[in-house]
Every structure is written in structure tokens, then in C-alpha cells.
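Every heavy atom of this structure was used, including side-chain atoms; hydrogens, water molecules and symmetry mates were not. For ligands, and for the atoms within them, numbers begin at 1 and follow the listed sequence.
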Amino acid sequence: MRGIGKKMGLKVMLIGGGGREHALAWKIASSPLVEKLVCVPGNPGMAQVAECVSMGASDLEALKSWAVSNRIDLTVIGPEAPLVAGLADHFRASGLAVFGPSQAAAALEGSKAFMKDLLKRYHIPTAGYQVFTDAAAALDHVRGQGAPIVVKASGLAAGKGAMVCHTLEEAEQAVHRAMVQREFGAAGNEVVVEEFLTGEEVSFMAFADGERLLPMASAQDHKAVGEGDTGPNTGGMGAYSPAPILTPRLHDRIMVEIMQPVIDAMAAEGRPYRGVLYAGLMIDGDVLKVLEFNARFGDPETQPLLMRMRSDIVPFLMASAVGSLAGMTIDWDPRPAVCVVMAAGGYPGSYAMDHPITGLESAMSLPDVQIFHAGTRRVGQNLVTAGGRVLGVTGLGDTVTQARKVTYAAVERIHWQDAYFRGDIAYRALSREAP
Ligand code: AMP
Ligand code: GLY
């Protein structure tokens, strides 16, 4: 299958229906190699560039049969849940080309306990930690350590299972939520209690072919719901690329001290990693530490990142899936991109749905703006809200100031009842930009 990256007329299937997948669909659909793109289940934004088929992403057997009978050349898995459930293995077992790690490799995201133990064994820098399966033992430990401290459900929790606790009382509550109330279900069977790190976060993503990495441009997410990074964590309220904190020197150190050692460790453990490896890193002066690994593209980092990717993405997806990344390079637009997530009021807590969305066409008419759908749904002719994160409004500019200006101008044109967005996305990059 090595030559497949050059084959024309590819049929590509993309699994997922969020903002990250809309950005991927938009990029894949623009590839001259692709004849047909099918998205499962997709969303109204993706329906503008692809055929959407409604099948549950959790029915592994149905997805595989569909891919076989429709002669799909490449399947791209967007979200973490099907990866952690083993969808990629299921496809590979039938000889299908699939972009995304095996279940054993996706454990880097699916089990924080596994990830932390791996990093420790291979001397890859991360926050000090202990793993607990018993609430009383976790509480004892937390009381011994004191605050600030971080309590994390080990399994998948849609980005909400990491609780940064500034007081002992909060930490006790966090243990209670995960282990007694079982707010995150089975994801809280194991809990990781971690040393609190200070510094600035950066998202570092690279294509991986099992042995080699091809790093992408840097990005920075905004996880907290409130401006100035306050309030509870969300899936991400906005992102931008590049992240100026990531100097070329830091980039090289991340590759040498973290990314390549993890790829080597996974291969040595019999879990070769193919797909995209996403490291969430904390940078504090010269100190670099891993906060988390994700087994897929970041959401919303992918939205600004792909706005900047000038190269066709399909050869990288193919090489990661079934070939080799050796000798490949990515061409990036030097202009920065900013993505502002527009969410339903109340998110990440409870929120209303089915509010009609207006102003999209006017917003999209602005130059260098793309609007990626996340939680939207069509009801007749109307587009309505259908989730917490609703849209990722993304814009390019010659400077971060310009990119923010065009992005927020687009945001201001879009309306629905109780829409919420942060007004300070990319504030860190802004503070580093020459006036
Ligand atoms: P995670 O899902 O592990 O990446 O955690 C989500 C968010 O919680 C991170 O992006 C950080 O903002 C914060 N966080 C996680 N671990 C730590 C830590 N050890 N120290 C400080 N903040 C953390
Ligand atoms: N934006 C953070 C994530 O994708 O997990």
C-alpha cells in the first residue's frame, strides 16, 4: 500500500462530527487526490464539502462493513472515543488503511495512569504523581500533600476530568466527585493525583508513522471557560497558531526530550504509534513537562492549524496510516490564525439547545474567515444549536492583532440566544507582538 499516497481518485471516510472534524473535512475535500469524502456522522458544516452518513461512531462492525462495501481507500478517525474503543484495529484487521492509533497505542490518551507510568519508566519529564483505585487512600494522600494539587480521572472524560484544586477542600471534593459520586463513570475507576505545575501551556502535534515524527506548527488552546483563564475547564474555548512561546530551541528540545522518546517507548512496548500524537506541555522557563497526551488532533487547535497548512494534508494522513513519513515536509502559511469558539450559554455546565443561529453567511463573507461547525443541526431550512461548543470561527491575518480583528468581526455577526464566547483569545500572543 506504500504507493497509495500518490493514487488519485481516493475515497476517504472521516469519522466524527465536531469542529475538529469539520476543519479536517474542509482540508481533505480540497485535496486533488480525493474524489469522494464521506463523513460519519458529520454535521451541517461538513455537509457543505462532503456526503454525511448517519451511523453511530461506536458501532465498530457496521463502520467497518460500510468501509469495505464502499471501497474506502482511507479512513480518518477524528475523536478519541472510537480510537480508545479499538476502531483502528478493527479496520486494520480487514486490510483497510486507517489514520489513527491502535487501541494499545491510544492508551496514551485513554489511560492517564498508563501514560504517567510509561513516562516515568522512560524518564520523560512530567509532573510527580500517584495512582489510586481507592477513595480513602486518595484522600489520605491529598491531605498529606495539601493544595494546590491536581486530581484527574484516568479515563476519557471529554476534557473535563482534570480538576485543578487550589484548596484542600476542593481536592477532597474532586476525589469525591470522581471516586464516590462517579461523575465520570468508569473513567474514575483509577484516579491520578498530580503535583501542580506552573507555567504556560502549549499544544504540540506531530504526524507519526510508528517510528518517525513529522511535527506540525505550534498552537495554544484556552481550556478554561472564563476570560483570563478563569472558571472550570472545557473542551477548549479558542486556539491560535503559531504559539510564539515555542521558540525554535524549545521546539527542538520537545522533539528530542519528549516526542521522539515517547514514539520510541511505544514501539519498544509493542504499541507502535501511528496517527497524530498530541502533547499538552507546560513550559516554565527552561523546564518542560508533559501534562497530557492525546491520540488525535486537538479541538479547537486543528481549526487554526489547518487554516495555516498550505500543503495537501492527504499524503501525510496516508503516510501515517500505512507508509513512511521519511523525507516529508509541511508548508505553512506564515500568517497567524485565531479560532474563537462560540458556545451555548451555560457550557460546560448545563445549557439549552435548538436556538436558531443567524448571521453565518454575512460572517463567512469576510475575507480569510472560515466557520467550522461543532454543535449545530438543521431543522428544515434553519440551523440551530445542538451542543455546548457550537461554532469555531477562525480567521487569518498578517499579525495576531489582524487575525483577531477579522475573527471577532465575524463572531460579532453571528447570533443566537445566550451565545457565549471569550473575548480574549490569543491574549498571550498579543502581549508578545511588537506594537
Ligand atoms: P489534562 O486533561 O491532563 O491536560 O488537564 C487539563 C488541563 O488542566 C490542562 O490543560 C491544564 O490547564 C490543567 N492541568 C492539568 N494538569 C496540571 C498540573 N499538573 N498542573 C497544573 N495544571 C494542570
Ligand atoms: N484542545 C484540547 C484537546 O483537544 O484535548
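Remark: the Tyr129 side chain and the Asp117 side chain contain an N/O donor-acceptor pair separated by less than 3.5 Å. In this model, no donor atom of one side chain and acceptor atom of the other lie less than 3.5 Å apart for Tyr240 and Glu301. Residues Asp209 and Ser320 bring no donor and acceptor atom of their side chains to less than 3.5 Å of each other.
For the pair Lys289 and ligand 1, no heavy-atom separation below 4.0 Å is found.
Closest to atom 5 (O) of ligand 1 among all protein heavy atoms lies Ala162 CB, 3.2 Å. Of all protein heavy atoms, the one lying nearest to atom 13 (C) of ligand 1 is Val164 CG2, 3.7 Å. Of the protein's non-hydrogen atoms, the one nearest atom 18 (C) of ligand 1 is Val150 CG2, 3.5 Å. Looking only at heavy atoms of the protein, atom 17 (C) of ligand 1 is closest to Leu291 CD2, 3.4 Å. Remark: minimum distance from atom 3 (O) of ligand 1 to any protein heavy atom is reached at Lys152 NZ, 2.8 Å. Scanning the protein heavy atoms around atom 4 (O) of ligand 1, the nearest turns out to be Glu292 CD, 2.8 Å.
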Item to check | salt bridge (Lys or Arg N to Asp or Glu O under 4.0 Å) between Lys152 and Glu292, intermediate numbers included | outcome: CA-CA 11 Å; Lys152 297 181 178 180; Glu292 66 169 338; over 6 Å; no

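Note: Asp221 CG to Asp299 CG = 8.5 Å, rounded to the nearest 0.5 Å.
Ionic pairing of Arg296 and Glu80 is present here: one or more N-O contacts between side-chain nitrogen and carboxylate oxygen are shorter than 4.0 angstrom. Residues Arg428 and Asp229 are paired through a salt bridge, judged by an N-O separation under 4.0 Å between the basic side chain and the carboxylate. Taking a cutoff of 4.0 Å between a charged side-chain nitrogen and a carboxylate oxygen, Glu170 and Arg177 do not qualify as a salt bridge. Residues Glu194 and Lys116 are paired through a salt bridge, judged by an N-O separation under 4.0 Å between the basic side chain and the carboxylate. Using a 4.0 Å cut-off between charged nitrogen and carboxylate oxygen, Asp59 and Lys64 do not count as a salt-bridge pair.
The distance from ligand 1 to the heavy atoms of Asn233 drops below 4.0 Å at these ligand atoms: 6 (C), 7 (C), 8 (O). Using a 4.0 Å cut-off to heavy atoms of Glu201, the atoms of ligand 1 that qualify are 9 (C), 10 (O), 11 (C), 12 (O). Which parts of ligand 1 touch Glu194 is read off a 4.0 Å heavy-atom cut-off, strictly below it: atoms 16 (N), 17 (C), 18 (C), 19 (N).
Enumerated by chain and number, the residues approaching ligand 2 to less than 4.0 Å through a heavy atom are Asp221, Lys223, Gly235, Tyr278, Asn294, Arg296, Gly298, Asp299, Pro300, Glu301.
The closest side-chain heavy-atom distance from Ile425 to Tyr408 is below 4.5 Å.
For ligand 1, one of its N or O atoms has an N or O atom of Leu197 under 3.5 Å away.
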